[in-house]
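Structure, as structure tokens:
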There are 2 protein chains.
Amino acid sequence: MKKNTIEIPSCSNCGNSKEFFCNLSESEKQLLSDKKGDNFYKKGQVIFYEGNHANGLYCLYDGKVKLTKLGKDGKEQIVRFSKNGDILGYRSLLSDEPYHATATALEDSHICMISKEKFLQVVEQNTKLSLQVIQLLSKDLKGAEQHLIDVAQKTVKERIAESLILLKNTFGYLADGKTININMTRSEIADMAGTSTESTIRTLATLSDENMIALDGKNIIISDLPNLIRCSNTYD
Amino acid sequence: MKKNTIEIPSCSNCGNSKEFFCNLSESEKQLLSDKKGDNFYKKGQVIFYEGNHANGLYCLYDGKVKLTKLGKDGKEQIVRFSKNGDILGYRSLLSDEPYHATATALEDSHICMISKEKFLQVVEQNTKLSLQVIQLLSKDLKGAEQHLIDVAQKTVKERIAESLILLKNTFGYLADGKTININMTRSEIADMAGTSTESTIRTLATLSDENMIALDGKNIIISDLPNLIRCSNTYD
DNA sequence: TTCTTCTAATGATTTGAATCATATTATTTA
DNA sequence: TAAATAATATGATTCAAATCATTAGAAGAA
């Protein structure tokens, strides 16, 4: 990867649907590329903390990130994920509020940073870009509201099933075409589904007994996706 | 109210903080004002349904509206409210997706409608307006994610207390300065807090026994706000 | 390697809150 | 104004899932 050129992964990597920076003019790209920060985070390291002030836009070049909010008694709730090509922190940047979630690397990640001033400058002169931000926020909002209903109304089993499907849809499969391409602890899956670690372990065992999934250490293999979808009670 | 002039309540009514259309030029205002639809909805009537196609922007001139999503077994979840001066339906309009929630009048409401084409035309040429939409979406997203954590981690009592505080913050008090300025059924409050009607009734009775609120038919009087806030376990 | 710590797995117990079952008011609307 | 319907209220019961408790296995650190 060359320095000082805008190498937003969504542009250089065509497998990625979110072509966030593709509508920029050359001069705009140049502006953003200049003095762009290039950072590496180890698994478990925190990119930014909930409550802290936003000073730039993060572009996830390579890696996986979870966004969590702190709830009662310090219990975490995973609110979203980011993967290759996603941008992070745009909400706080544009609404000029502190980060409302903590971003933590789920595996070693390579993240670029664009300064607040430059990003705002480009957004303000490029309507297409702000419409793209609107699309992103709309998608996040839709996801959050769906998640809300799920947690409020679904059983633990339905939520665990749905969480596995979300993980598969977000991170895809390994080369074997059936193992979910992410390693999370049972406790993290619990934070996702809004349940306890013990219930998560038991429910995963049940889903395995019922042959919808198979467990191999931290690897989760989806052996019967249609049934898992049915089990999750999701219709969209 | 005169016809054919843009009378967005947030502009004509200065008590309202959301001055959504105040950055428009005169020609832009004129464009939006022309052939603007003017509609009246009775309490209980539906303004738009989840899943339907968006064809305009709704401006709530006067009234109160709830936004609900349908969950498991047809159980409703209230995801948001709108009041005087708020705009509705912008998410679906700008992301070009069907409405993700149903909007229902909580009381008789006066709602104007701006056509999709005209609104999009103005948004695309007015960056300030799109930045304002970003602010709105950001606020909605923050609210939804907070709501998610609450439902996932708080007890019914905490959630009911918090719901009452949200209602008070959204709709304010009646002239007496202590009665929440909204009439909702116990079942609707349950849909808000993500619990059952019976639990809502019991919890309201408990809060009343503990002198944090007083109940007078459908009216809910907040008699000890600091204690109610403490009870809701909310720190922001 | 061994020690320590984190993660996973299971069993036993408790509990918050949903559900079921009826009354008792309020509101509609016929 | 009566009849019908919807909303509120309470008690009894059930149940899903959290919590507590303990053991077993993995993974890092010294």
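Labels below follow one simple rule: chain letters A, B, ... track the order of the sequence lines, proteins then strands, and each chain is numbered from 1.
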Discussion item. Let's see if you can work this out: which of C/dA12, C/dT7, D/dA17 has an atom nearest to the side-chain heavy atoms of A/T185?
Written reply: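 Ranking C/dA12, C/dT7, D/dA17 by closest atom to the A/T185 side chain puts C/dT7 first.
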Worksheet item: Which distance, rounded to the nearest 0.5 Å, do you find between the CG of B/L164 and the CG of B/L204?
Response: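 These two atoms lie 6.0 Å from each other.
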Item to complete: Classify the angle between the aromatic ring planes of A/H110 and A/Y61 as parallel (below 30°), tilted (30 to 60°) or perpendicular (above 60°).
Response: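 Ring orientation, 0 to 90° scale: tilted.
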Worksheet item: Parallel, tilted or perpendicular for A/F48 and A/Y99, by the 30°/60° rule?
Response: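 The arrangement is parallel - the two ring planes meet at less than 30°.
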Practice prompt. Have a look at A/T197 and say if it touches a base, only the backbone sugar-phosphate, or nothing, with a 4.0 Å heavy-atom cut-off.
Written response: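 Nothing, no nucleic acid heavy atom in range.
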Does [N] have OP1 or OP2 under 4.0 Å away from a side-chain N or O of [X]?
X	N	value
A/R186	C/dA9	yes
A/T195	D/dA18	yes
B/S199	C/dA18	yes
A/K218	C/dA8	yes

Item to complete: Please state whether the base of C/dG11 and the side chain of A/R202 form at least one donor-acceptor pair under 3.5 Å?
Response: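 Between C/dG11 and A/R202, which were checked side chain against base, a qualifying N/O pair under 3.5 Å is present.
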Distance check needed: [N] [atom2] versus [X] [atom1], whole Å only.
X	N	atom1	atom2	result
A/E158	D/dA16	CD	P	12 Å
A/N183	D/dA26	CG	P	15 Å
B/D209	D/dT10	CG	C1'	13 Å
B/D191	C/dA18	CG	P	12 Å
A/I201	D/dA24	CD1	C1'	12 Å
A/L204	C/dT10	CG	P	11 Å
B/L215	D/dT8	CG	C1'	11 Å
A/E198	C/dA12	CD	P	15 Å

Worksheet item: When you look at B/I221 and B/I213, which way does the side-chain contact (heavy atoms from CB on, under 4.5 Å) test go after all the steps?
Response: CA-CA 5 Å; B/I221 297 140; B/I213 62 170; over 6 Å; no
Discussion item. Check B/R91 with A/E145, please: is the shortest side-chain N to carboxylate O separation under 4.0 Å?
Written reply: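 Salt bridge: no.
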